[in-house]
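Each chain gets a letter, A, B and so on, in the order its sequence line appears, and its residues count up from 1. Basis for what follows: all heavy atoms, side chains included, without hydrogens, waters or symmetry-related copies.
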Amino acid sequence: MHTTAYQKLTSGFYDRPDVLTIARELLGKIIVTSFDGELTTARIVETEAYAGVTDRASHSYGGRRTARTEIMYREAGTAYVYLCYGIHQLFNIVTNKIDIPHAILIRGAEPITGVPVMLRRTRKKIADFTLTRGPGNVSKALGITLAHTGESLLREDFYVASDGFVPVPEDIIATPRIGVDYAGDDALLPYRFIVRNNKYVSGNTVQNKVR
DNA sequence: GGGCGGATTACCT
DNA sequence: GGTAATCCGCCCA
């Protein structure tokens, strides 16, 4: 498997005003990491949009700027990685203009290349659907850590690409986001995008409800 | 300087 | 369905 047919997404893909459109279009795209010469790739099947200062579920709600959230205000195509529950490192992609803190959480992906490397990183023995299902597992399998927060996705060893595949519209479902009950009414917004019937999508209960 | 809780996961009953 | 694991970020003092 070579990456020569992959077209790296450019600044223009990320630098657009509608974070929901970008989150939807990221379905089917491929995350590529080649840290320490170890190539791992996986096709995105689940995303969540976080719509900046007006979104109560977002870390940047109300324009909050801290050492951690500062990354969200950077240029489109920057990686925002943060620690959740003291254990899991969650990978987001910053979108829109500088100072507009939109971000998209990558919640699920389907392994393509480098499964043995992913198995070692996750300390799993078998490559079942849990390998890259759920945001914590996606980062772990692809080797994405807190050290990558603030880094550009336009670089050579960490980016998102297209191989021309696009899910048909009927296979894309929008649902409420997972684990954001604290956000009041905003927890009900359909800002989560999933590929229908894909086993690498988390939260199947919600998926079934929406069906 | 201290206390609390989370954009989760895996393993338990 | 319940909960332990595990720790940084955030807020308040």
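The span of DNA chain C lying next to chain A, judged by atoms under 4.0 Å from heavy atoms, is bounded 5' to 3' by dA5(C) to dC11(C). Along DNA chain B, the stretch of nucleotides lying under 4.0 Å from any heavy atom of chain A spans, 5' to 3', dG6(B) to dA10(B).
Of the residues in residues 75-96 of chain A, those with a non-hydrogen atom less than 4.0 angstrom from any atom of DNA chain C are L83(A), Y85(A), G86(A), I87(A). A heavy-atom distance below 4.0 Å to DNA chain B is reached by these residues of residues 45-65 of chain A, ordered by number: Y50(A), A57(A), H59(A). Residues from residues 136-146 of chain A with heavy atoms under 4.0 angstrom of DNA chain B, sorted by number: G136(A), N137(A). Sorted by residue number, the list of members of residues 17-25 of chain A with any non-hydrogen atom under 4.0 Å from DNA chain B is empty. Near DNA chain C, defined here as any heavy-atom distance below 4.0 Å, there are no residues from residues 97-110 of chain A.
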What pairs of donor and acceptor atoms, side-chain ones from residues 179-188 of chain A against any protein atom, are under 3.5 angstrom apart with sequence neighbours left out?
{"unit_1": "Y182(A)", "atom_1": "OH", "unit_2": "A57(A)", "atom_2": "O", "d": "2.9"}
{"unit_1": "D186(A)", "atom_1": "OD2", "unit_2": "R56(A)", "atom_2": "N", "d": "2.8"}

With a cut-off of 3.5 Å and sequence neighbours excluded, list every side-chain donor-acceptor pair involving residues 88-95 of chain A.
{"unit_1": "Q89(A)", "atom_1": "OE1", "unit_2": "L146(A)", "atom_2": "N", "d": "2.8"}
{"unit_1": "N92(A)", "atom_1": "ND2", "unit_2": "Y80(A)", "atom_2": "O", "d": "3.2"}
{"unit_1": "N92(A)", "atom_1": "ND2", "unit_2": "L90(A)", "atom_2": "O", "d": "3.3"}

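When heavy atoms are screened at a 4.0 angstrom cut-off, R177(A) is found touching no nucleic acid atom at all.
Listed by chain and residue number, R43(A) satisfy the salt bridge (Lys or Arg N to Asp or Glu O under 4.0 Å) test with D163(A) (two or more places apart in sequence, or in another chain). In this structure, the salt bridge (Lys or Arg N to Asp or Glu O under 4.0 Å) partners of E25(A), at least two apart in sequence or on a different chain, are R16(A).
Summarising the geometry, atom CZ belonging to F35(A) is positioned 7.5 Å from atom OG1 belonging to T40(A); distances are rounded to the nearest 0.5 Å. How far NZ of K29(A) is from OG of S162(A): 5.0 Å, rounded to the nearest 0.5 Å.
For H148(A) and F158(A), the ring centers sit closer than 6.0 Å to each other.
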**Study point:** Secondary structure of DNA chain B in dot-bracket form (Watson-Crick or G-U wobble, distances below 3.5 Å, | marking inter-strand pairs)
**Key:** ||||||.|||||.
